[in-house]
J.: 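The structure follows.
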Amino acid sequence: MSSILKQSVNHSKALERAISFEELSYRDGMELMNYDNMHILGAVADGVRKKLIGETVTFVNSYYMNYTNVCAASCQMCAFYRKENDKDSYVLTKDKIIQRVLSAKKLGITEIHIVGGFHPTLTLDYYEDMMKIIKNTYPKLNIKAFTAAEIFYLSKLTKNSVKEILSRLKESGLDSMPGGGAELFHPEIRSQIVRGKCNGQEWLNTIEQAHDLGIKSNVTMLYGHIEKPEHIIDHLIKIRELQKKTNGFITFIPLKFSLDNTELEKNKLISTECASTYDLKIIAISRLMLSKMINNISVYWVAYGKKLAQVALFNGGNDLVGTAFSEEIYKAAGKSTNITILELIKIVNEINRIPAQRDTFFNIIKKYK
Ligand code: SF4
(Lines give C-alpha, C1' and ligand atoms only; values in the text may rest on other atoms or scores of the structure.)
Protein backbone atom coordinates (compact mmCIF):
# COMPACT_ATOMS: atom_id res chain seq x y z
CA MET A 1 0.00 0.00 0.00
CA SER A 2 1.39 3.45 -0.90
CA SER A 3 2.37 5.73 2.00
CA ILE A 4 -0.25 8.33 1.03
CA LEU A 5 -2.93 5.64 1.11
CA LYS A 6 -1.59 4.34 4.45
CA GLN A 7 -1.73 7.82 6.00
CA SER A 8 -5.26 8.38 4.79
CA VAL A 9 -6.46 5.01 6.03
CA ASN A 10 -4.95 5.76 9.44
CA HIS A 11 -7.58 8.47 9.82
CA SER A 12 -10.39 5.95 9.61
CA LYS A 13 -10.84 3.19 12.20
CA ALA A 14 -13.31 1.45 9.90
CA LEU A 15 -10.86 1.33 6.99
CA GLU A 16 -8.06 0.11 9.24
CA ARG A 17 -10.31 -2.68 10.44
CA ALA A 18 -11.38 -3.50 6.87
CA ILE A 19 -7.76 -3.86 5.77
CA SER A 20 -7.14 -6.24 8.67
CA PHE A 21 -10.18 -8.29 7.55
CA GLU A 22 -11.98 -7.64 10.83
CA GLU A 23 -15.75 -7.78 10.78
CA LEU A 24 -17.12 -4.25 10.41
CA SER A 25 -19.77 -3.12 12.89
CA TYR A 26 -22.85 -0.99 12.23
CA ARG A 27 -20.85 1.98 13.46
CA ASP A 28 -18.00 1.19 11.05
CA GLY A 29 -20.50 0.94 8.22
CA MET A 30 -21.98 4.33 9.07
CA GLU A 31 -18.50 5.80 9.21
CA LEU A 32 -17.85 4.51 5.70
CA MET A 33 -21.18 5.81 4.38
CA ASN A 34 -20.12 9.25 5.60
CA TYR A 35 -16.54 8.92 4.36
CA ASP A 36 -16.14 11.27 1.44
CA ASN A 37 -12.82 10.30 -0.12
CA MET A 38 -13.96 7.87 -2.78
CA HIS A 39 -10.39 7.27 -4.02
CA ILE A 40 -9.30 5.88 -0.66
CA LEU A 41 -12.49 3.93 -0.03
CA GLY A 42 -12.38 2.43 -3.54
CA ALA A 43 -8.68 1.58 -3.25
CA VAL A 44 -9.22 -0.25 0.05
CA ALA A 45 -12.19 -2.18 -1.35
CA ASP A 46 -10.14 -3.02 -4.44
CA GLY A 47 -7.27 -4.28 -2.27
CA VAL A 48 -9.63 -6.48 -0.27
CA ARG A 49 -11.16 -7.79 -3.52
CA LYS A 50 -7.69 -8.69 -4.83
CA LYS A 51 -6.81 -10.63 -1.69
CA LEU A 52 -10.12 -12.46 -1.47
CA ILE A 53 -10.84 -13.18 -5.13
CA GLY A 54 -7.87 -12.23 -7.33
CA GLU A 55 -7.98 -10.79 -10.84
CA THR A 56 -10.65 -12.91 -12.45
CA VAL A 57 -13.91 -11.24 -13.49
CA THR A 58 -16.70 -13.74 -13.93
CA PHE A 59 -20.03 -13.78 -15.77
CA VAL A 60 -22.69 -16.35 -16.55
CA ASN A 61 -24.36 -16.99 -19.90
CA SER A 62 -27.91 -16.31 -18.77
CA TYR A 63 -31.33 -15.96 -20.29
CA TYR A 64 -34.12 -14.05 -18.56
CA MET A 65 -37.73 -15.12 -18.64
CA ASN A 66 -40.46 -13.07 -16.99
CA TYR A 67 -43.45 -15.43 -17.02
CA THR A 68 -46.00 -12.72 -16.23
CA ASN A 69 -46.11 -8.99 -15.68
CA VAL A 70 -49.45 -9.22 -13.85
CA CYS A 71 -48.93 -8.32 -10.22
CA ALA A 72 -51.20 -8.04 -7.21
CA ALA A 73 -48.68 -5.62 -5.68
CA SER A 74 -47.99 -2.10 -6.95
CA CYS A 75 -44.55 -1.08 -5.73
CA GLN A 76 -43.65 2.59 -6.03
CA MET A 77 -40.23 1.74 -7.45
CA CYS A 78 -41.47 -0.66 -10.16
CA ALA A 79 -42.05 0.09 -13.86
CA PHE A 80 -42.78 -3.52 -14.81
CA TYR A 81 -46.09 -4.52 -13.27
CA ARG A 82 -49.50 -4.49 -14.96
CA LYS A 83 -53.00 -5.35 -13.80
CA GLU A 84 -54.90 -8.29 -15.36
CA ASN A 85 -57.12 -6.03 -17.48
CA ASP A 86 -54.30 -3.91 -18.86
CA LYS A 87 -53.90 -4.29 -22.62
CA ASP A 88 -50.20 -5.17 -22.38
CA SER A 89 -50.50 -7.66 -19.52
CA TYR A 90 -49.41 -11.24 -20.28
CA VAL A 91 -48.85 -14.71 -18.89
CA LEU A 92 -46.53 -17.08 -20.76
CA THR A 93 -48.26 -20.25 -21.98
CA LYS A 94 -46.58 -23.69 -21.99
CA ASP A 95 -45.83 -23.34 -25.71
CA LYS A 96 -44.28 -19.92 -25.24
CA ILE A 97 -42.11 -21.24 -22.39
CA ILE A 98 -40.86 -24.09 -24.61
CA GLN A 99 -40.10 -21.61 -27.41
CA ARG A 100 -38.15 -19.39 -25.02
CA VAL A 101 -36.14 -22.32 -23.63
CA LEU A 102 -35.32 -23.49 -27.16
CA SER A 103 -34.05 -19.97 -27.95
CA ALA A 104 -31.90 -20.12 -24.81
CA LYS A 105 -30.53 -23.51 -25.86
CA LYS A 106 -29.43 -22.10 -29.24
CA LEU A 107 -27.47 -19.39 -27.42
CA GLY A 108 -25.59 -21.96 -25.29
CA ILE A 109 -27.12 -20.57 -22.12
CA THR A 110 -26.25 -22.32 -18.83
CA GLU A 111 -28.74 -20.56 -16.55
CA ILE A 112 -32.32 -19.39 -16.95
CA HIS A 113 -33.32 -16.56 -14.62
CA ILE A 114 -37.08 -16.61 -14.03
CA VAL A 115 -39.08 -14.01 -12.11
CA GLY A 116 -42.53 -12.54 -12.48
CA GLY A 117 -45.27 -10.51 -10.82
CA PHE A 118 -47.48 -11.80 -8.01
CA HIS A 119 -50.16 -13.30 -10.22
CA PRO A 120 -53.42 -13.44 -8.24
CA THR A 121 -54.97 -16.52 -9.90
CA LEU A 122 -52.21 -18.80 -11.23
CA THR A 123 -52.13 -22.05 -9.25
CA LEU A 124 -49.10 -23.94 -7.96
CA ASP A 125 -49.48 -26.37 -10.89
CA TYR A 126 -48.53 -23.60 -13.30
CA TYR A 127 -45.19 -23.11 -11.52
CA GLU A 128 -44.50 -26.84 -11.12
CA ASP A 129 -45.31 -27.47 -14.78
CA MET A 130 -43.02 -24.61 -15.80
CA MET A 131 -40.11 -26.25 -13.97
CA LYS A 132 -40.85 -29.68 -15.49
CA ILE A 133 -41.25 -28.33 -19.03
CA ILE A 134 -37.92 -26.52 -18.82
CA LYS A 135 -36.10 -29.57 -17.42
CA ASN A 136 -37.58 -31.79 -20.12
CA THR A 137 -36.69 -29.34 -22.89
CA TYR A 138 -33.13 -28.56 -21.76
CA PRO A 139 -32.05 -30.77 -18.85
CA LYS A 140 -28.60 -29.17 -18.45
CA LEU A 141 -29.97 -25.70 -17.77
CA ASN A 142 -29.74 -24.40 -14.19
CA ILE A 143 -33.19 -23.12 -13.30
CA LYS A 144 -32.74 -20.05 -11.10
CA ALA A 145 -36.31 -19.07 -10.40
CA PHE A 146 -38.66 -17.12 -8.13
CA THR A 147 -37.59 -14.52 -5.63
CA ALA A 148 -38.25 -15.12 -1.94
CA ALA A 149 -40.99 -12.47 -2.28
CA GLU A 150 -42.76 -14.52 -4.99
CA ILE A 151 -42.48 -17.69 -2.92
CA PHE A 152 -43.90 -15.90 0.12
CA TYR A 153 -46.81 -14.55 -1.95
CA LEU A 154 -47.49 -17.99 -3.44
CA SER A 155 -47.52 -19.49 0.02
CA LYS A 156 -50.14 -16.97 1.18
CA LEU A 157 -52.18 -17.31 -2.01
CA THR A 158 -52.28 -21.12 -2.02
CA LYS A 159 -52.35 -21.51 1.78
CA ASN A 160 -49.38 -23.86 1.67
CA SER A 161 -46.35 -23.36 3.90
CA VAL A 162 -43.23 -21.77 2.41
CA LYS A 163 -41.44 -25.07 2.99
CA GLU A 164 -44.12 -27.03 1.11
CA ILE A 165 -43.98 -24.64 -1.87
CA LEU A 166 -40.19 -24.71 -2.02
CA SER A 167 -40.03 -28.50 -1.68
CA ARG A 168 -42.54 -29.02 -4.47
CA LEU A 169 -40.76 -26.60 -6.78
CA LYS A 170 -37.42 -28.21 -6.02
CA GLU A 171 -38.91 -31.61 -6.75
CA SER A 172 -40.13 -30.24 -10.11
CA GLY A 173 -36.70 -28.91 -11.13
CA LEU A 174 -35.91 -25.67 -9.31
CA ASP A 175 -32.10 -25.52 -8.86
CA SER A 176 -31.40 -22.11 -7.32
CA MET A 177 -33.06 -18.78 -6.60
CA PRO A 178 -32.41 -15.18 -7.68
CA GLY A 179 -31.89 -12.51 -5.05
CA GLY A 180 -34.65 -10.08 -6.00
CA GLY A 181 -37.42 -8.73 -3.83
CA ALA A 182 -34.98 -7.98 -1.00
CA GLU A 183 -34.98 -4.24 -1.91
CA LEU A 184 -34.10 -2.73 1.50
CA PHE A 185 -35.20 -4.62 4.61
CA HIS A 186 -35.53 -1.70 7.01
CA PRO A 187 -39.29 -1.06 7.57
CA GLU A 188 -38.85 2.71 7.55
CA ILE A 189 -37.75 2.72 3.90
CA ARG A 190 -39.39 -0.50 2.71
CA SER A 191 -42.87 0.90 3.34
CA GLN A 192 -42.07 3.82 1.03
CA ILE A 193 -40.81 1.80 -1.93
CA VAL A 194 -42.93 -1.37 -1.91
CA ARG A 195 -46.67 -1.86 -1.63
CA GLY A 196 -48.12 -5.36 -1.26
CA LYS A 197 -44.82 -7.20 -0.96
CA CYS A 198 -43.54 -9.21 2.04
CA ASN A 199 -41.68 -7.33 4.75
CA GLY A 200 -37.93 -7.62 5.23
CA GLN A 201 -38.10 -10.27 7.93
CA GLU A 202 -40.50 -12.39 5.86
CA TRP A 203 -38.08 -12.21 2.92
CA LEU A 204 -35.21 -13.32 5.15
CA ASN A 205 -37.24 -16.15 6.73
CA THR A 206 -38.29 -17.40 3.30
CA ILE A 207 -34.78 -17.44 1.87
CA GLU A 208 -33.48 -19.11 5.04
CA GLN A 209 -35.91 -21.96 4.47
CA ALA A 210 -34.74 -22.24 0.85
CA HIS A 211 -31.13 -22.45 2.00
CA ASP A 212 -32.11 -25.08 4.58
CA LEU A 213 -33.58 -27.16 1.77
CA GLY A 214 -30.30 -26.91 -0.16
CA ILE A 215 -31.51 -24.23 -2.60
CA LYS A 216 -28.76 -21.62 -2.82
CA SER A 217 -29.60 -18.07 -3.85
CA ASN A 218 -28.29 -14.67 -4.73
CA VAL A 219 -29.21 -11.61 -2.70
CA THR A 220 -29.76 -8.03 -3.85
CA MET A 221 -30.18 -4.52 -2.48
CA LEU A 222 -32.11 -1.78 -4.27
CA TYR A 223 -30.41 1.56 -3.65
CA GLY A 224 -30.19 5.04 -5.13
CA HIS A 225 -33.73 6.25 -4.46
CA ILE A 226 -34.89 7.78 -1.17
CA GLU A 227 -32.94 5.68 1.30
CA LYS A 228 -30.67 6.92 4.09
CA PRO A 229 -27.19 5.56 4.91
CA GLU A 230 -28.52 3.61 7.91
CA HIS A 231 -30.88 1.64 5.67
CA ILE A 232 -27.95 0.45 3.55
CA ILE A 233 -25.88 -0.65 6.52
CA ASP A 234 -28.85 -2.34 8.23
CA HIS A 235 -29.49 -4.30 5.01
CA LEU A 236 -25.88 -5.44 4.63
CA ILE A 237 -25.63 -6.55 8.25
CA LYS A 238 -28.87 -8.55 8.06
CA ILE A 239 -27.55 -10.35 4.96
CA ARG A 240 -24.22 -11.04 6.65
CA GLU A 241 -25.93 -12.44 9.74
CA LEU A 242 -28.06 -14.82 7.71
CA GLN A 243 -25.04 -15.93 5.70
CA LYS A 244 -23.34 -16.91 8.97
CA LYS A 245 -26.28 -19.20 9.68
CA THR A 246 -26.90 -20.77 6.26
CA ASN A 247 -23.94 -20.05 3.97
CA GLY A 248 -26.56 -20.12 1.23
CA PHE A 249 -25.90 -16.84 -0.57
CA ILE A 250 -23.85 -17.15 -3.75
CA THR A 251 -23.33 -13.51 -4.63
CA PHE A 252 -24.44 -10.06 -3.53
CA ILE A 253 -25.85 -7.84 -6.27
CA PRO A 254 -26.43 -4.16 -5.46
CA LEU A 255 -29.16 -2.95 -7.84
CA LYS A 256 -29.17 0.70 -8.82
CA PHE A 257 -32.67 2.16 -8.85
CA SER A 258 -33.79 2.95 -12.39
CA LEU A 259 -36.11 5.91 -12.42
CA ASP A 260 -38.17 5.97 -15.61
CA ASN A 261 -41.87 5.05 -15.49
CA THR A 262 -41.97 4.45 -11.74
CA GLU A 263 -44.43 5.91 -9.25
CA LEU A 264 -41.52 7.48 -7.34
CA GLU A 265 -40.75 9.46 -10.49
CA LYS A 266 -44.39 10.29 -11.31
CA ASN A 267 -45.01 11.56 -7.76
CA LYS A 268 -41.82 13.63 -8.01
CA LEU A 269 -40.34 11.98 -4.90
CA ILE A 270 -37.18 11.63 -6.90
CA SER A 271 -36.23 13.32 -10.16
CA THR A 272 -32.81 11.93 -11.01
CA GLU A 273 -30.91 8.70 -10.61
CA CYS A 274 -28.07 8.63 -8.08
CA ALA A 275 -24.56 9.86 -8.96
CA SER A 276 -21.94 7.41 -10.23
CA THR A 277 -19.81 8.17 -7.17
CA TYR A 278 -22.63 6.87 -4.99
CA ASP A 279 -22.75 3.67 -7.11
CA LEU A 280 -19.04 3.17 -6.50
CA LYS A 281 -19.41 3.87 -2.80
CA ILE A 282 -22.13 1.23 -2.53
CA ILE A 283 -20.00 -1.38 -4.32
CA ALA A 284 -16.99 -0.58 -2.12
CA ILE A 285 -18.92 -0.64 1.15
CA SER A 286 -20.70 -3.87 0.18
CA ARG A 287 -17.30 -5.47 -0.42
CA LEU A 288 -16.00 -4.32 2.97
CA MET A 289 -19.10 -5.06 5.05
CA LEU A 290 -19.53 -8.56 3.57
CA SER A 291 -15.80 -9.36 3.51
CA LYS A 292 -15.11 -13.09 4.02
CA MET A 293 -18.84 -13.84 4.35
CA ILE A 294 -19.94 -13.22 0.76
CA ASN A 295 -16.89 -12.87 -1.43
CA ASN A 296 -18.69 -12.36 -4.71
CA ILE A 297 -19.81 -8.78 -5.27
CA SER A 298 -21.61 -8.50 -8.59
CA VAL A 299 -21.65 -5.40 -10.75
CA TYR A 300 -24.90 -5.34 -12.68
CA TRP A 301 -23.81 -3.76 -15.97
CA VAL A 302 -27.45 -3.56 -17.12
CA ALA A 303 -28.04 -0.81 -14.57
CA TYR A 304 -24.61 0.86 -14.78
CA GLY A 305 -23.74 0.71 -18.46
CA LYS A 306 -20.50 -0.88 -19.62
CA LYS A 307 -18.08 1.95 -18.78
CA LEU A 308 -19.20 2.53 -15.21
CA ALA A 309 -19.24 -1.24 -14.73
CA GLN A 310 -15.54 -1.27 -15.57
CA VAL A 311 -14.83 1.35 -12.90
CA ALA A 312 -16.95 -0.56 -10.36
CA LEU A 313 -14.70 -3.58 -10.94
CA PHE A 314 -11.90 -1.45 -9.45
CA ASN A 315 -13.97 -0.47 -6.44
CA GLY A 316 -14.62 -3.91 -5.03
CA GLY A 317 -16.58 -5.77 -7.74
CA ASN A 318 -15.47 -9.13 -9.17
CA ASP A 319 -18.42 -10.31 -11.25
CA LEU A 320 -20.50 -8.88 -14.09
CA VAL A 321 -23.63 -11.01 -13.48
CA GLY A 322 -24.18 -12.15 -17.08
CA THR A 323 -25.50 -11.81 -20.58
CA ALA A 324 -29.09 -11.16 -19.41
CA PHE A 325 -30.63 -12.07 -22.78
CA SER A 326 -34.25 -11.02 -22.90
CA GLU A 327 -34.23 -9.01 -19.64
CA GLU A 328 -37.46 -7.02 -19.26
CA ILE A 329 -37.55 -5.38 -15.83
CA TYR A 330 -34.80 -2.81 -16.37
CA LYS A 331 -35.97 -2.52 -19.99
CA ALA A 332 -39.36 -1.32 -18.67
CA ALA A 333 -37.46 1.42 -16.83
CA GLY A 334 -35.60 2.52 -19.95
CA LYS A 335 -32.33 0.53 -19.93
CA SER A 336 -30.89 -1.59 -22.76
CA THR A 337 -30.27 -5.10 -21.52
CA ASN A 338 -28.80 -7.65 -24.00
CA ILE A 339 -25.09 -8.34 -24.31
CA THR A 340 -23.07 -11.25 -25.72
CA ILE A 341 -20.28 -13.24 -24.08
CA LEU A 342 -17.84 -11.58 -26.53
CA GLU A 343 -18.88 -8.13 -25.34
CA LEU A 344 -18.45 -9.15 -21.69
CA ILE A 345 -14.98 -10.50 -22.47
CA LYS A 346 -14.15 -7.18 -24.15
CA ILE A 347 -15.29 -5.18 -21.09
CA VAL A 348 -12.94 -7.21 -18.90
CA ASN A 349 -10.02 -7.31 -21.34
CA GLU A 350 -10.11 -3.52 -21.69
CA ILE A 351 -9.32 -3.17 -17.98
CA ASN A 352 -6.65 -5.85 -18.08
CA ARG A 353 -8.35 -8.36 -15.81
CA ILE A 354 -9.08 -12.01 -16.55
CA PRO A 355 -12.49 -12.76 -18.09
CA ALA A 356 -14.05 -16.08 -17.12
CA GLN A 357 -17.38 -17.67 -17.86
CA ARG A 358 -18.86 -19.24 -14.74
CA ASP A 359 -21.87 -21.35 -13.86
CA THR A 360 -24.61 -20.30 -11.43
CA PHE A 361 -22.51 -21.37 -8.42
CA PHE A 362 -19.34 -19.58 -9.56
CA ASN A 363 -17.54 -22.68 -10.82
CA ILE A 364 -15.35 -21.55 -13.70
CA ILE A 365 -16.40 -22.99 -17.07
CA LYS A 366 -13.80 -21.23 -19.23
CA LYS A 367 -11.11 -18.60 -18.77
CA TYR A 368 -10.37 -16.28 -21.70
CA LYS A 369 -6.75 -15.38 -20.99
S1 SF4 B 1 -41.55 -4.96 -7.78
FE2 SF4 B 1 -42.36 -7.03 -8.08
S3 SF4 B 1 -43.94 -7.19 -6.50
FE4 SF4 B 1 -43.55 -5.01 -6.74
S5 SF4 B 1 -45.05 -4.34 -8.30
FE6 SF4 B 1 -43.15 -4.85 -9.40
S7 SF4 B 1 -43.48 -6.97 -10.05
FE8 SF4 B 1 -44.95 -6.55 -8.42
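Only this structure's heavy atoms are used, side chains among them; waters, hydrogens and symmetry mates stay out. For clarity, every value in this text was computed on a predicted model and none was experimentally measured. By convention here, the first residue in the shown sequence is residue 1.
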J.: Is a donor from one side chain sitting under 3.5 angstrom from an acceptor on the other, for Asn205 and Gln209?
T.: no
J.: Can a cation-pi geometry be assigned to Arg353 and Phe314, taking NZ or CZ under 6.0 Å from the six-membered ring centre and within 45° of the ring axis?
T.: yes
J.: Kindly say whether Gly116 contributes a backbone atom to a donor-acceptor pair with the side chain of Glu150 at under 3.5 angstrom?
T.: yes
J.: Please determine which of Met38, Arg287, Lys281 meets the side-chain contact (heavy atoms from CB on, under 4.5 Å) test together with Asn315.
T.: Met38
J.: Might you confirm whether atom CG of Asn267 has over 12 heavy atoms from other residues, nucleotides or ligands at distances under 6.0 Å?
T.: yes
J.: Kindly say whether the aromatic ring centers of Phe249 and His211 come within a distance under 6.0 Å.
T.: yes
J.: Report yes if the side chains of Ser291 and Leu52 come closer than 4.5 Å at any heavy-atom pair, otherwise no.
T.: yes
J.: Under 4.5 Å between any side-chain heavy atoms of Met289 and Ile239, yes or no?
T.: no
J.: Hey, is Lys245 close enough to Glu241 for a salt bridge, meaning N to O under 4.0 Å?
T.: no
J.: Side chains of Asp279 and Ser276: donor-acceptor distance under 3.5 Å anywhere?
T.: no
J.: Can you find a side-chain donor-acceptor pair between Tyr127 and Arg168 that sits under 3.5 Å?
T.: no
J.: So if I apply the side-chain contact (heavy atoms from CB on, under 4.5 Å) rule between Ile98 and each of Thr93, Thr137, Asn136, Leu92, which one comes out positive?
T.: Thr137
J.: Mind checking whether Tyr81 and Ser89 have side chains closer than 4.5 Å, heavy atoms only?
T.: no
J.: Contact between Ile233 and Ile285 at the side-chain level, heavy atoms closer than 4.5 Å - yes or no?
T.: yes
J.: Counting C-beta onward and ignoring hydrogens, is there a side-chain heavy-atom pair between Thr158 and Thr123 closer than 4.5 Å?
T.: no
J.: Quick one: pull up CD1 in Ile237 and CD in Glu23 and give me the separation to the nearest 0.5 Å.
T.: 8.0 Å
J.: Roughly how far, to the nearest 0.5 Å, is the CD1 atom of Ile193 from the CZ atom of Phe257?
T.: 8.5 Å
J.: Report yes if the side chains of Ile283 and Tyr304 come closer than 4.5 Å at any heavy-atom pair, otherwise no.
T.: yes
J.: Give a yes or no on whether a salt bridge exists between Lys13 and Glu31, defined as a side-chain N under 4.0 angstrom from a carboxylate O.
T.: no
J.: Is it true that Thr110 and Asn61 share a donor-acceptor pair across their side chains at a distance under 3.5 Å?
T.: no
